[in-house]
Amino acid sequence: MSALVNAAIIGFSFLFTKIALEDAGPVDTLAFRFAVSFAAMSIPAALGLIKLQFRGKPLFRVILLAAFYPLGFFLFQTFGLQHANSAEGGIMYAFTPVLTMVLAYVFLKETTSLGQKLGILLSVFGVVFIFVMGNGRIDFENMTGLLLLFLSGLAFAGYSVLARSLLKLFSPWEISYLTLGIGCLVFLAVSVAGHASAGTLGNWLAPLRSGRFILSVIYLGVLSSLVTALSSNYALSKLEASRVSVFSNLSTVVSIAAGAMVLGEKVTVYHVIGSLLIIAGVTGANLLGAKSKGETSKGENNKSENNKSGKATVRSGGEAI
């Protein structure tokens with residue numbers, strides 16, 4: 001459910017990003033977005049409603065995590081889209097689950113069944129099908145843009161794998177608070193420095209005069225940054241990185257629906273076919289998977305302990321899942 005919520009929010013974020021960019025540049029939008037998200041999380045933290053404990057924990061690894069996402073992902077994506085179009089960005093981002101699957105196998109020893117591999121590839125094909133049928137094509141002359149977009153997907157895959165490892169030491173709240181805080185500081189610094197060098201520092205707060213910009217930034221900051229960070233980190237604490245990552249392709253389906261409902265954009269047959277392929281792929285990747293090595297060994301150890309003690313294990317009806 002957390003992974004589904006994450007995909008749904010991200011799907012609508014494309015709509016609100018498009019609206020926000022009408023009043024501010026990409027870096028300024030990121031600065032306001034992460035300022036809002038960090039402020040929104042700092043309030044319950046200051047009131048003691050959420051517990052944050054960082055003493056004795058490897059904070060350097062969380063800084064490295066933030067370098068992958070949000071810093072690396074958004075910076076590579078922003079500059080990549082200056083050299084490539086949005087269709088190329090969508091196609092390159094669709095391959096993120098494949099990159100995650102490879103990195104998870106190399107660094108976490110997470111294995112995937114044949115059904116999972118086919119499901120992931122099917123979801124990728126669904127996204128590519130939608131963009132290609134919509135006259136989106138990859139122009140290999142834009143190698144700089146394509147490389148940057150590939151690195152943005154690789155950065156997000158790296159985040160998923162490293163977060164999966166760090167969630168054994170940190171809670172989802174703690175990782176989200178640190179990564180959002182680092183993103184806030186860096187993007188604010190880059191935004192202010194850019195305006196200072198251009199001599200436009202007096203116009204830095206100008207976008208806040210627009211009500212639609214404020215509404216968009218609140219959505220992007222609170223829901224698309226804070227809530228997605230928490231839901232993604234929670235999902236990664238319970239599921240393999242490859243299974244969580246494939247849900248990201250569902251955001252394409254949601255963005256198509258959002259565009260149709262809010263902007264009146266046309267939904268064609270290839271949108272429907274591609275969406276069905278994505279949904280089938282995500283479903284297959286999560287239902288046709290085998291247990292990871294860690295889960296298998298854990299189950300074998302528990303079974304062995306129960307056999308040694310000679311006691312039967314009883315599952316109570318109120319067990320939390």
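Here, residue 1 is the first one in the sequence, and each next residue gets the next number.
Thr179 contributes no side-chain N or O that, together with a main-chain N or O of Pro70, makes up a donor-acceptor pair within less than 3.5 Å. With hydrogens and angles ignored, the 3.5 Å screen pairs no side-chain donor or acceptor of Thr200 with any backbone N or O of Asn203. Judged purely by atom type and a 3.5 angstrom limit, Lys57 has no side-chain atom pairing as donor or acceptor with the backbone of Phe170. No donor-acceptor distance shorter than 3.5 angstrom exists from the side chain of Asp28 to the backbone of Ala24, with no hydrogens or angles considered. A donor-acceptor distance shorter than 3.5 angstrom exists from the side chain of Ser255 to the backbone of Thr252, with no hydrogens or angles considered. Of the possible polar contacts, none joining the Ser245 side chain to the Ser242 backbone as a donor-acceptor pair under 3.5 Å is found. At least one donor-acceptor pair under 3.5 Å links the side chain of His271 to the backbone N or O of Thr268. Distance alone, capped at 3.5 Å, places no donor-acceptor pair between the Lys238 side chain and the Tyr234 backbone. In this structure, the side chain of Ser176 does not engage the main chain of Trp173 through any donor-acceptor pair within 3.5 Å. For Ser210 (side chain) and Pro207 (main-chain N/O), no donor-acceptor pair under 3.5 Å exists by modelled atom type.
A heavy-atom distance below 4.5 Å is found between the side chains of Ile130 and Ile256. Residues Tyr93 and Ser248 meet the side-chain proximity criterion, which asks for heavy atoms closer than 4.5 Å. The closest side-chain heavy-atom distance from Val128 to Phe95 is below 4.5 Å. Leu21 places a side-chain heavy atom less than 4.5 Å from the side chain of Pro26.
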Assess whether ring-ring contact (aromatic ring centres under 6.0 Å, His included) is satisfied between Phe34 and Phe74, documenting all intermediate values. CA-CA 12 Å; Phe34 280 91; Phe74 282 111; 5.7 Å; yes
Glu22 vs Arg212, test: side chain to side chain contact (heavy atoms under 4.5 Å, CB included). Steps then yes/no. CA-CA 10 Å; Glu22 294 178 4; Arg212 64 181 182 180; 2.9 Å; yes
Decide yes or no on side chain to side chain contact (heavy atoms under 4.5 Å, CB included) for Thr17 and Leu220, but give the supporting numbers first. CA-CA 7 Å; Thr17 299; Leu220 294 172; 3.5 Å; yes
Test side chain to side chain contact (heavy atoms under 4.5 Å, CB included) on Tyr105 and Thr112 and set out the steps. CA-CA 8 Å; Tyr105 175 77; Thr112 52; over 6 Å; no
Could you please spell out the steps behind the side chain to side chain contact (heavy atoms under 4.5 Å, CB included) verdict for Phe12 and Tyr219? CA-CA 9 Å; Phe12 277 96; Tyr219 180 91; 3.0 Å; yes
Walk me through whether Phe38 and Tyr177 qualify under ring-ring contact (aromatic ring centres under 6.0 Å, His included). CA-CA 7 Å; Phe38 185 62; Tyr177 188 76; 5.0 Å; yes
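Leu47 belongs to a hydrophobic cluster whose other members, connected by ILVMFWY side-chain contacts under 4.5 Å either directly or through intermediates, are Ile43, Leu49.
Considering every non-hydrogen atom in both Thr29 and Ala20, the closest pair reads CG2-CB, 4.0 Å. Val267 and Ala260 make their closest contact through CG2-CB, 3.5 Å (heavy atoms, listed as atom of the first residue, atom of the second, distance). Residues Ala94 and Val127 come closest through the heavy atom pair CB-CG1, 3.4 Å. Between Ala196 and Leu201, the shortest heavy-atom contact is N-CD1, 4.3 Å. Of all the heavy atoms in Ala45 and Ile50, the pair that sits closest is CA-CG1, 3.6 Å. Summarising the geometry of Ala7 relative to Val254, their closest heavy-atom pair is O-CG2, 4.2 Å, with the distance given to 0.1 Å.
Taken together through direct or relayed side-chain contacts under 4.5 Å among Ile, Leu, Val, Met, Phe, Trp and Tyr, Val192 and Val190 form parts of separate hydrophobic clusters. Hydrophobic clustering keeps Ile214 apart from Val27 (ILVMFWY residues linked when any side-chain heavy atoms are closer than 4.5 Å, directly or through intermediates). In terms of hydrophobic clustering, with Ile, Leu, Val, Met, Phe, Trp and Tyr side chains grouped at heavy-atom distances under 4.5 Å, Leu59 and Phe68 are assigned to a common cluster. Both Val272 and Val282 belong to a common hydrophobic cluster when Ile, Leu, Val, Met, Phe, Trp and Tyr are linked at side-chain heavy-atom distances under 4.5 angstrom. Under the 4.5 Å side-chain heavy-atom criterion for ILVMFWY residues, no single connected hydrophobic cluster contains both Phe60 and Val62.
Atom-to-atom distance recorded for Leu30:CG and Phe187:CZ is 5.0 Å, nearest 0.5 angstrom. How far CE of Met101 is from CD1 of Ile120: 4.5 Å, rounded to the nearest 0.5 Å. Distance CG/Leu154 to CG/Leu103: 6.0 Å, rounded to 0.5 Å. Note that CG of Leu64 and CG of Leu166 are 8.5 Å apart. Values are rounded to the nearest 0.5 Å. Distance check, rounded to the nearest 0.5 Å: CE of Met41 to CG of Leu178 gives 8.5 Å. Atom CG of residue Leu236 and atom OG of residue Ser165 lie 11.5 Å apart, to the nearest 0.5 angstrom.
With Val246 as the partner, the side-chain contact (heavy atoms from CB on, under 4.5 Å) test is satisfied by one option alone out of Thr100, Thr96, Asn286, Ile278: Asn286. Checking each of Ser13, Ser216, Ser224 against Arg33 for a side chain to side chain donor-acceptor pair (under 3.5 Å) leaves exactly one that passes, namely Ser224. Test Leu149, Thr144, Leu148 against Phe79 for side-chain contact (heavy atoms from CB on, under 4.5 Å) and you get one pass: Leu148.
When the side chain to side chain donor-acceptor pair (under 3.5 Å) test is applied to Ser37, no partner is found at least two apart in sequence or on another chain.
Taking 4.0 Å as the cut-off between side-chain N and carboxylate O, Glu174 and Lys51 do not count as a salt-bridged pair. Of the charged side-chain nitrogens involved, at least one lies within less than 4.0 Å of a carboxylate oxygen, so that Arg164 and Glu110 count as a salt-bridged pair.
The environment of NZ in Lys18 is sparse: at most 12 heavy-atom neighbours from other residues, nucleotides or ligands sit within 6.0 Å. Heavy-atom contacts from other residues, nucleotides or ligands closer than 6.0 Å to CZ of Phe54 number more than 12. Within 6.0 Å of CZ in Phe125 there are 12 or fewer heavy atoms belonging to other residues, nucleotides or ligands.
Side-chain contact annotation: Asn6 with Ser232, donor-acceptor N/O pair under 3.5 Å absent.
Ring pair Phe156/Tyr69 is perpendicular by interplanar angle, where above 60° counts as perpendicular and below 30° as parallel. Taking the six-membered ring for Trp and thresholds of 30 and 60 degrees, Trp204 and Phe32 have nearly parallel ring planes, at less than 30 degrees apart.
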